[in-house]
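In what follows, a single structure is set out as structure tokens and then discussed.
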Amino acid sequence: MTGPGWEGDEIEVEWSEVIFDTIKKKSKKLISKGFERYCENWLSIYDNVNSFALDIDKSSSILFKRLQGYWSKDAFDKIYVETGELILRISKEDTTKIPLNDVWKKN
């Protein structure tokens, strides 16, 4: 071990910050000149943060609260985050967990 380890909900807070920063970065591209907009614009994020001990319910709740000031005409309409064995679908209204089906997994 090289550090003090995780304490309390630090891992969930850090995860939500990483995902929020990614959303902000991609949103700058969405509003940039020349970016083609559609009736609905969705963002898909692959979570490669090492977060084996993550409480996804707590993490998604923290992220959802951080996004309350995000939603506007310059925002994505929906955000999808693939994390572990599920996909989080985040919108202005709510967050939904969608099970990720591994078509290559043998039963």
Side-chain angles (χ1 to χ4, degrees):
M1 299 240 187
T2 59
W6 297 106
E7 198 173 308
D9 63 358
E10 286 179 335
I11 190 168
E12 289 79 15
V13 170
E14 183 170 313
W15 180 90
S16 67
E17 288 173 359
V18 169
I19 300 299
F20 185 71
D21 287 345
T22 301
I23 293 168
K24 289 191 309 185
K25 180 179 165 187
K26 295 295 184 177
S27 295
K28 287 180 184 177
K29 290 184 180 186
L30 175 71
I31 62 173
S32 67
K33 185 177 179 177
F35 192 92
E36 190 172 353
R37 304 276 305 252
Y38 296 91
C39 294
E40 279 207 17
N41 296 279
W42 298 356
L43 174 62
S44 179
I45 299 171
Y46 174 74
D47 167 22
N48 61 359
V49 177
N50 184 8
S51 50
F52 63 91
L54 183 73
D55 178 337
I56 196 63
D57 292 325
K58 186 180 280 189
S59 302
S60 62
S61 177
I62 293 168
L63 179 59
F64 186 75
K65 287 175 187 168
R66 290 204 65 188
L67 287 169
Q68 291 309 297
Y70 167 77
W71 307 106
S72 71
K73 66 177 181 56
D74 293 330
F76 287 98
D77 298 289
K78 289 191 175 58
I79 300 165
Y80 293 85
V81 181
E82 180 181 339
T83 181
E85 295 183 1
L86 59 90
I87 296 174
L88 290 176
R89 179 179 58 215
I90 307 164
S91 68
K92 183 179 183 177
E93 294 79 27
D94 63 7
T95 300
T96 306
K97 292 189 297 188
I98 304 167
L100 185 61
N101 297 314
D102 185 350
V103 297
W104 306 110
K105 187 177 180 179
K106 295 182 179 184
N107 293 332

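One is the number of the first residue; the rest follow in order along the sequence.
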With a 4.5 Å cut-off on side-chain heavy atoms, are Trp15 and Val81 touching? yes
Please report the interatomic distance CD1(Ile23) to CG(Leu67), rounded to the nearest 0.5 Å. 4.5 Å
Would you say the side chain of Val13 lies within less than 4.5 Å of the side chain of Ile62, judging by non-hydrogen atoms? yes
Could you state the interatomic distance from CD1 (Ile19) to OG (Ser60), rounded to the nearest 0.5 Å? 11.5 Å
Quick check against the 3.5 Å criterion: does Glu40 have a side-chain atom that pairs as donor or acceptor with the backbone of Asp77? no
Using the rule that Ile, Leu, Val, Met, Phe, Trp and Tyr join whenever any side-chain heavy atoms are under 4.5 Å apart, tell me whether Tyr80 and Trp71 fall into a single cluster. no
Which atom pair, heavy atoms only, marks the closest approach of Ser16 to Ser59? CB-O, 4.1 Å
Any heavy-atom pair between the side chains of Leu88 and Ile56 that's under 4.5 Å? yes
How about CD on Glu17, more than 12 heavy atoms from neighbouring residues, nucleotides or ligands closer than 6.0 Å, or not? yes
Write down the atom of Tyr70, the atom of Ser27, and the distance for their closest heavy-atom approach. OH-OG, 2.7 Å
With hydrophobic residues grouped by side-chain heavy-atom distances under 4.5 Å, do Ile87 and Leu43 end up in a single group? no
Gap separating the OG1 atom of Thr22 from the CD1 atom of Ile45, nearest 0.5 angstrom: 5.5 Å
Result for side-chain contact (heavy atoms from CB on, under 4.5 Å) between Glu82 and one of Ile98, Leu100, Asp47 points to Leu100
Can you see which heavy atom on Arg37 is nearest to which on Ala75, and at what distance? NH2-O, 4.1 Å
d(Ile79 CD1, Lys26 NZ) to nearest 0.5 Å is 12.5 Å
Separation between NZ of Lys78 and CD1 of Ile90, rounded to the nearest 0.5 Å: 12.0 Å
Within a reach of under 6.0 Å around CZ of Phe35, are more than 12 heavy atoms found that belong to other residues, nucleotides or ligands? yes
Do the side chain of Asp9 and the main chain of Glu12 share a donor and acceptor less than 3.5 angstrom apart? no
According to salt bridge (Lys or Arg N to Asp or Glu O under 4.0 Å), does anything in residues 91-102 pair up with another residue at least two apart or in another chain? List the pairs. Asp57-Lys97
Answer whether the closest heavy-atom distance between the side chains of Glu36 and Tyr38 falls below 4.5 Å. yes
dist Trp42:CH2 -> Leu30:CG (nearest 0.5 Å) comes out at 14.5 Å
